Amino acid sequence: MNIGQASKTTGVSERMIRHYERVGLMPPTDRRDNGYRDYSPQSIERLRIIANARGLGFSLEEIATLLGLWDNRERTSSEVKAVALAHADDLGRKAATLEAMRRALLELAEGCSGDSRPDCPILDGIAVS
């Protein structure tokens, strides 16, 4: 399967496929006589894992860890679970930070009359923070 077909099949753009190859998430692909990349079913599965992991917010480093575990048939499911739980904890911390920022903005907006006067408690609050 060439890169265009691999892209359509996995939903990963050709540019990102090439990027994943450059950063080492995808191994170098075999080339046909005409020089086009030739993606195997295993490569397609690997691209799907990368795409789905990115959709879950995993970093490239975390995805590399997951792919290493996927490649290792000696792994334990507890190793994979630990990576997933660590990522879930990280997402929870980020969500709490975002919620605190949201509450702070709503508080600032609550103090603003939103009229035609130039006084702006929102900007004043940001300037102090």
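Note that this is a predicted model, so its numbers are computed, not measured. All residue numbers refer to positions in the sequence shown, counting from 1.
Closest of all the heavy-atom pairs between Gly111 and Pro121 is O-CG, 3.0 Å.
Membership of the apolar cluster around Leu67 extends to Met1, Ile3, Val12, Met16, Ile17, Tyr20, Val23, Leu25, Met26, Tyr39, Ile44, Leu47, Ile49, Ile50, Leu56, Phe58, Leu60, Ile63, Leu66, Leu69, Trp70, Val80, Val83, as traced through chained side-chain contacts below 4.5 Å between ILVMFWY residues.
With a 4.5 Å cut-off on side-chain heavy atoms, Ser43 and Arg37 do not count as touching. Counting heavy atoms from C-beta outward, His87 and Leu91 have side chains that approach closer than 4.5 Å.
No salt bridge links Glu107 with Arg103; every basic N to acidic carboxylate O contact stays at or beyond 4.0 Å. A salt bridge does not link Glu45 to Arg48: none of the charged side-chain nitrogens sits closer than 4.0 Å to a carboxylate oxygen.
Checking Thr76 against Glu79 by side-chain atom types alone, a donor-acceptor pair falls below 3.5 Å.
Here CG of Leu98 is found 11.0 Å from CZ of Arg102. Values are rounded to the nearest 0.5 Å. Taking CG from Leu108 and CG from Asp124, the interatomic distance works out to 9.5 Å, rounded to the nearest 0.5 Å. Residue Arg54 holds its CZ atom at 7.5 Å from OG of Ser59, rounded to the nearest 0.5 Å. In this structure, CZ in Arg15 is found 10.0 Å from CZ in Arg18, a value given to the nearest 0.5 Å. Atom CD of Glu14 is separated from atom CD of Gln5 by 10.0 Å, given to the nearest 0.5 angstrom.
Not counting sequence neighbours, Ser116 has no partner by the side-chain hydrogen bond (donor to acceptor under 3.5 Å, both in side chains) test. In terms of the salt bridge (charged side-chain N to carboxylate O under 4.0 Å, His left out) criterion, residue partners of Arg32 (sequence neighbours excluded) are, by chain and number, Asp38. For Asp90, the side-chain hydrogen bond (donor to acceptor under 3.5 Å, both in side chains) partners at least two apart in sequence or on another chain are Lys94. Residues that satisfy the side-chain hydrogen bond (donor to acceptor under 3.5 Å, both in side chains) test with Gln42, not counting sequence neighbours, are Ser40. For Asn72, the side-chain contact (heavy atoms from CB on, under 4.5 Å) partners two or more places apart in sequence, or in a different chain, are Glu74, Arg75.
Atom CZ of Arg31 sits in a crowded spot, with more than 12 heavy atoms from other residues, nucleotides or ligands closer than 6.0 Å. Open room surrounds CD on Glu110; 12 or fewer heavy atoms of other groups in view lie less than 6.0 Å from it.
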